[in-house]
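Labels below follow one simple rule: chain letters A, B, ... track the order of the sequence lines, proteins then strands, and each chain is numbered from 1.
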Number of protein chains: 2
Amino acid sequence: MTDFKSFFTHLCPIEEDNWRAFEKLFKPMQLKKGEYFIEAGEQARDIAFLEEGIIRAFYRNEKAQEYNKHFFLNPCFIGGYSSLITKQTNYINQEALSDCRLLVANYAEILQLYEKAPDIERGARILAEKFFVQKEQREVEIVLLDAEERYLKFQKEFPQLEQNIAQYHIASYLGISPTQLSRIRRKLAGK
Amino acid sequence: MTDFKSFFTHLCPIEEDNWRAFEKLFKPMQLKKGEYFIEAGEQARDIAFLEEGIIRAFYRNEKAQEYNKHFFLNPCFIGGYSSLITKQTNYINQEALSDCRLLVANYAEILQLYEKAPDIERGARILAEKFFVQKEQREVEIVLLDAEERYLKFQKEFPQLEQNIAQYHIASYLGISPTQLSRIRRKLAGK
DNA sequence: ATGATTTCTTTACCTATGTAAATGGAATTC
DNA sequence: GAATTCCATTTACATAGGTAAAGAAATCAT
């Protein structure tokens with residue numbers, strides 16, 4: 001399992017002093033299954049490194065229907081990224097689907113560190129680019145693939161995950177109803 | 001109309017020498033309506049600043065159906081961004097919907113410039129973050145809004161554009177058939 | 001100015017999917 | 001261990017939207 005230092009220093013070379021200054025900004029935190037890292041309605045201020053566990057990021061529309069946007073599996077960064085960047089109200093909720101261990105930092109303190117640690121800022125640029133690429137692939141998936149194709153891709157991208165979370169979460173992620181997912185599963189099982 | 005220097009130096013402060021080194025990488029280019037800046041199937045190597053004109057970015061699926069992902073209106077950057085980042089095959093096409101004036105640079109030369117111009121790299125980080133935010137807003141739009149709501153949002157986000165491009169391009173961008181867009185337009189006109 | 005081509009709208013028909021409800025099994029709580 | 005809650009599947013019915021075709025209007029080329 002990749003730890004925090006390995007994860008970040010694989011992005012680009014980081015001087016040891018800068019790494020220590022960066023790492024010091026992060027404090028350990030635990031979430032129990034069902035607890036939220038962030039909720040919609042306020043500006044996000046914290047970012048976290050997910051050391052262990054599963055988190056779902058979702059929106060609610062005005063009918064209180066939930067749409068799962070992404071599943072985060074350790075190791076990775078989590079947080080209301082658009083809100084952190086724009087400093088506006090955050091609309092994403094992030095909820096633990098299992099007990100989780102996190103390292104949490106205040107985003108403004110990280111921005112301040114860029115002045116004296118350009119290699120940390122380079123890591124942040126590379127992360128932003130990776131997140132963009134993930135988003136673009138997700139957009140392509142949503143508009144070009146039908147639900148069955150998206151389900152098969154989900155199984156490839158998140159092996160084992162479907163044994164660990166409810167089917168209706170997967171249906172939501174795929175943008176279909178639980179009924180329709182059940183039909184797709186029956187069809188695939190009949191092959 | 002914002003020129004290249006204004007556009008980029010509004011992202012963050014840029015030292016004059018670094019700006020000149022950056023600007024020198026870009027060469028003027030023109031596209032006529034119907035010509036392509038990039039086509040799917042090869043790795044992208046160039047990025048461009050769109051000084052004047054309209055460009056659509058689109059994918060084709062295996063049935064050769066086209067899906068408009070974004071409309072670029074000057075002033076902004078264009079190019080196969082995911083391919084530039086990942087150095088893998090580019091799947092986006094970018095076609096001029098009007099005659100266009102561009103400033104084009106080789107992406108690898110820009111990356112080389114980051115070593116001696118950290119302020120240029122900071123501009124790139126800020127751009128990557130802005131592009132991510134745009135992508136996330138687009139994803140939310142696609143999954144949470146129905147076609148009519150997306151059409152109204154398109155009209156707000158791209159005022160006047162629908163007078164300048166074909167309806168079937170707009171339908172593609174909204175993820176519906178031209179028939180369905182026509183039904184929506186009739187319904188809205190009847191209000 | 002005219003003919004050809006492209007775009008847009010409309011209609012009929014069909015399919016995919018959502019919703020509501022019912023039922024059964026699994027998991028959780030007491 | 002029993003009761004309760006949650007999850008998954010299935011069915012019936014309704015609706016939204018795609019497709020194909022036809023016709024009119026707009027645009028383009030000569």
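Aromatic ring orientation, B:F154 versus B:Y151: parallel (interplanar angle below 30°, classes split at 30° and 60°).
Listed by first and then second residue, the salt bridge (Lys or Arg N to Asp or Glu O under 4.0 Å) pairs involving residues 170-185 of chain B are B:E162-B:R185 (not counting sequence neighbours). Among pairs with a residue in residues 21-48 of chain B, none fulfils salt bridge (Lys or Arg N to Asp or Glu O under 4.0 Å), at least two apart in sequence or across chains. Screening residues 78-100 of chain A for ring pair (Phe, Tyr, Trp, His ring centres under 6.0 Å) gives A:Y81-A:F131, A:Y81-B:F132 as the qualifying pairs, with residues at least two apart or on separate chains. For residues 85-98 of chain A, the pairs satisfying salt bridge (Lys or Arg N to Asp or Glu O under 4.0 Å) are A:R56-A:E95, with sequence neighbours left out.
B:D146 is linked by a side chain to side chain donor-acceptor pair (under 3.5 Å) to nothing, counting only residues two or more places apart in sequence or in another chain. Every residue meeting the side chain to side chain contact (heavy atoms under 4.5 Å, CB included) condition with A:A117, not counting sequence neighbours, appears here in chain and number order: A:N18, A:L113, A:D119, A:I120. Every residue two or more places apart in sequence or in another chain that forms a ring pair (Phe, Tyr, Trp, His ring centres under 6.0 Å) with B:F49 is listed here: B:F4, B:F7, B:F77. In this view, B:K135 and A:E136, A:E139 satisfy the side chain to side chain donor-acceptor pair (under 3.5 Å) rule, not counting sequence neighbours.
As a member of the Ile/Leu/Val/Met/Phe/Trp/Tyr network built from side-chain separations under 4.5 Å, B:L145 groups with nothing else and remains a singleton.
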Quick one: which protein N/O atoms are closer than 3.5 Å to N/O atoms of nucleotides 27-30 of chain D? Pair and distance per line, please.
none

Give me, pair by pair, the N or O atoms of the protein and of nucleotides 5-9 of chain C that are less than 3.5 Å apart, along with how far apart they are.
{"residue": "C:dT7", "atom": "OP1", "partner": "B:Y168", "partner atom": "OH", "Å": "3.0"}
{"residue": "C:dC8", "atom": "OP1", "partner": "B:Q167", "partner atom": "N", "Å": "2.9"}
{"residue": "C:dC8", "atom": "OP2", "partner": "B:Q167", "partner atom": "N", "Å": "2.9"}
{"residue": "C:dC8", "atom": "OP2", "partner": "B:Y168", "partner atom": "N", "Å": "3.3"}
{"residue": "C:dT9", "atom": "OP1", "partner": "B:R185", "partner atom": "NE", "Å": "3.3"}
{"residue": "C:dT9", "atom": "OP1", "partner": "B:R185", "partner atom": "NH2", "Å": "3.2"}
{"residue": "C:dT9", "atom": "OP2", "partner": "B:S182", "partner atom": "OG", "Å": "3.1"}
{"residue": "C:dT9", "atom": "O5'", "partner": "B:S182", "partner atom": "OG", "Å": "3.0"}

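In this structure, B:Q180 places its CD atom 13 Å from P of C:dT10, rounding to the nearest Å. The interatomic distance linking A:I184 (CD1) with C:dT17 (P) rounds to 7 Å, in whole Å. Rounded to whole Å, atom C1' of C:dT17 lies 14 Å from atom CD of A:E148. The CZ-P distance, from B:R183 to C:dT11, rounds to 10 Å in whole Å. Taking atom CG on A:N164 and atom P on C:dA27, their separation rounds to 13 Å, with Å as the unit. Residue A:L174 contributes atom CG, which lies 15 Å from atom C1' of C:dG18 at whole-angstrom precision. Rounding to whole angstrom units, OH of residue A:Y151 and P of C:dT17 are separated by 15 Å. Look at NZ on B:K187: it is 17 Å from P on C:dT11, rounded to the nearest Å.
Between its opening and closing five pairs, the helix from C:dA1-D:dT30 to C:dC30-D:dG1 changes axis direction by 60°, a value rounded to 10 degrees.
For the pair B:R101 and B:F26, the cation does not sit on the ring face, since its NZ or CZ is not both under 6.0 Å from the ring centre and inside 45° of the axis.
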